[in-house]
Amino acid sequence: MLDTQLVMYEEDHKQILAVIGRLVRDANAKCIFIVDKNGQLIAEAGEVRGIDTTSLASLTAGSIAATGGLAKIIGEEDFPVHFHQGARDNLHVTLVAKRMILVVIFDDRSSLGLVRLRVKKAGAEMGKIFEMIQKKAEAEQATGGGQSPFNEITDDDIDNLFAD
Amino acid sequence: MSFINYSSREINCKIVYYGPGLCGKTTNLQFIYNKTNPDLKGKMISLATETERTLFFDFLPLALGQIRGFKTRFHLYTVPGQVFYDASRKLILKGVDGVVFVADSQIERMEANLESMDNLRINLREQGYELEKIPFVIQYNKRDLPNAAPLDEMRRQLNTMGAVEFEACAQGGEGVFETLKAVAKGVLSDLKRLSR
Ligand SMILES: Nc1nc2c(ncn2[C@@H]2O[C@H](COP(=O)(O)OP(=O)(O)OP(=O)(O)O)[C@@H](O)[C@H]2O)c(=O)[nH]1
Ligand SMILES: [Mg+2]
């Protein structure tokens with residue numbers, strides 16, 4: 001396979017949650033999401049109630065993919081920062097560690113300047129965590145899968161999923 | 001590319017429905033959406049033109065059940081089939097775990113089917129995937145129409161790789177879940193193989 005599979009362990013997830021939990025407070029944001037470029041939701045923090053997070057993740061990934069395609073057409077590698085201003089809530093979207101997307105939703109309790117500043121710092125921290133996760137995954141793949149729960153699934157397990 | 005999350009004990013996989021314009025990709029997802037228990041599905045998103053042609057993608061998140069204590073979730077996407085949306089198709093294919101090719105059985109759409117199959121092959125190759133090596137299912141859709149090409153003919157032209165195949169009428173739903181199950185099964189078996 002060209003790309004390594006994304007595997008997130010409990011301890012990695014905790015580290016990421018710690019960073020975005022702090023970012024929500026430091027940036028006075030409403031909520032924050034980490035989405036991978038394929039549209040999977042990785043982590044969330046803040047007031048996420050009432051938000052359809054699965055849809056948010058897939059649309060964010062679609063929008064980043066589309067603007068990334070646009071960037072290439074005009075000879076840019078990517079557009080690393082996106083800002084969408086709404087009547088009440090605003091969306092600040094940045095790329096982190098090449099394959100992750102950091103989405104910050106904020107209202108007038110915060111400001112673009114503050115969000116930008118705090119995202120920069122948290123983004124760097126997160127970049128390090130994701131690099132570490134990536135290295136771990138690569139090492140694991142090289143040694144043949146480690147302790148994946150899918151080593152041992154049987155055809156019966158799969159058939160049972162579709163039992164009805 | 002599937003995503004295994006130990007923290008929430010979930011596994012997420014991405015399945016893409018491919019095929020020429022108007023072959024019935026969106027109809028497949030709509031049928032699945034309509035027939036799935038609300039607890040097991042999320043919202044279906046369709047980014048479409050005013051005439052209901054897919055503009056960017058349709059998206060439907062589904063939960064299938066548990067394997068070894070892990071919730072299995074499938075994200076179904078369709079691509080826009082119209083030829084000139086190729087840039088979007090490439091984007092949707094990124095990170096794919098399994099592909100369904102929906103063929104339009106109408107005899108006058110055979111060229112379009114072949115062109116779309118070639119296009120799939122090229123776009124996968126650009127990402128380092130080979131059609132023969134990924135979980136892949138072919139669906140011969142619109143079997144209900146009087147101008148449907150004979151099945152043998154479709155098979156000979158399109159299924160040169162010996163993929164799992166189904167006849168379908170997506171509008172009425174025949175063959176839709178069979179197709180989905182087959183590709184989901186392929187993806188899960190692949191996970192097992194890859195983790196060996
Ligand atoms: N007779 C018949 N019509 C079908 C069948 N499946 C889909 N259709 C019709 O074909 C038309 C196109 O279906 P869509 O699902 O929108 O096609 P699509 O592949 O998503 O098309 P694009 O978004 O342009 O790529 C619709 O009018 C459907 O009702 C079928 O099995 N039989
Ligand atoms: Mg469509």
Side-chain angles (χ1 to χ4, degrees), chain A residues 1-17 36-43 52-59 61-70 72-73 99 137 140-141 144-164, chain B residues 1-14 37 41-45 47 56-61 64-70 72-73 75 77 87-88 90-92 94-97 127-129 133-134 177-178 180-182 184-196:
Chain A
M1 264 210 312
L2 195 69
D3 304 281
T4 41
Q5 185 182 53
L6 184 59
V7 178
M8 172 102 43
Y9 293 101
E10 190 108 37
E11 63 269 20
D12 304 329
H13 197 243
K14 276 197 187 128
Q15 285 193 48
I16 293 165
L17 283 181
D36 97 327
K37 276 194 170 174
N38 297 324
Q40 321 271 18
L41 181 68
I42 308 287
D52 177 351
T53 53
T54 312
S55 298
L56 177 133
S58 126
L59 286 174
S63 142
I64 285 291
T67 46
L70 276 177
K72 297 213 169 58
I73 288 171
R99 75 188 260 186
E140 217 156 73
Q141 210 153 47
Q147 13 127 304
S148 160
F150 295 93
N151 281 340
E152 283 157 30
I153 55 172
T154 61
D155 289 345
D156 282 347
D157 284 333
I158 296 174
D159 284 332
N160 284 340
L161 262 190
F162 302 106
D164 43 53
Chain B
M1 159 196 355
S2 54
F3 166 40
I4 303 179
N5 190 338
Y6 281 85
S7 179
S8 54
R9 299 197 81 72
E10 276 179 18
I11 166 114
N12 282 292
C13 306
K14 176 172 180 177
N37 181 329
K41 69 185 175 195
K43 218 155 110 192
M44 177 162 165
I45 293 175
L47 302 178
F56 194 9
F57 58 78
D58 301 297
F59 168 71
L60 173 60
L64 277 188
Q66 296 213 355
I67 287 192
R68 307 257 153 163
F70 275 73
T72 59
R73 291 185 191 282
H75 287 178
Y77 285 85
S88 304
K90 288 181 197 205
L91 297 176
I92 309 301
K94 289 217 168 115
V96 67
D97 293 303
Q127 294 186 46
Y129 294 121
K133 292 195 182 134
I134 59 167
F177 275 99
E178 288 80 353
L180 172 64
K181 283 178 188 178
K185 218 168 150 169
V187 168
L188 292 171
S189 309
D190 211 39
L191 272 179
K192 177 171 126 184
R193 190 173 58 75
L194 289 173
S195 66
R196 280 260 158 82

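Worth knowing before you read on, the calculation uses all heavy atoms, side chains too, and leaves out hydrogens, waters and symmetry mates. Convention: sequence-line order gives letters A, B, ...; per-chain numbering from 1.
- Heavy-atom distances place both the backbone and the side chain of A:Asp157 under 4.5 Å from chain B.
- The residue among A:Glu11, A:Lys14, A:Gln40 with the most heavy atom pairs within less than 4.5 Å of chain B is A:Gln40.
- Of all heavy-atom pairs between B:Phe59 and A:Ser55, the closest is CE2-CA, 4.4 Å.
- Among B:Val96, B:Thr72, B:Asn5, the residue with the largest count of heavy-atom pairs under 4.5 Å with chain A is B:Asn5.
- The part of B:Phe57 that comes within reach of chain A is its side chain, from C-beta onward, which places non-hydrogen atoms under 4.5 angstrom from that chain.
- B:Phe70 and B:Glu10 get closest at one heavy-atom pair: CD2-N, 3.6 Å.
- The two residues A:Ala43 and A:His13 have their closest heavy-atom pair at CB-NE2, 4.1 Å.
- The part of B:Ile45 that comes within reach of chain A is its side chain, from C-beta onward, which places non-hydrogen atoms under 4.5 angstrom from that chain.
- Comparing B:Asp97, B:Leu47, B:Ile11 by heavy-atom pairs within less than 4.5 Å of chain A, the highest count is held by B:Ile11.
- For chain A, the option among B:Lys133, B:Lys185, B:Lys94 with the highest count of heavy-atom pairs below 4.5 Å is B:Lys185.
- Only the backbone of A:Leu41 comes within less than 4.5 Å of a heavy atom in chain B; its side chain stays farther off.
- Under a 3.5 Å cut-off, the side chain of B:Lys90 and the backbone N or O of B:Gln127 do not form any donor-acceptor pair.
- Residue B:Tyr77 touches chain A through its side chain alone, counting heavy-atom pairs closer than 4.5 Å.
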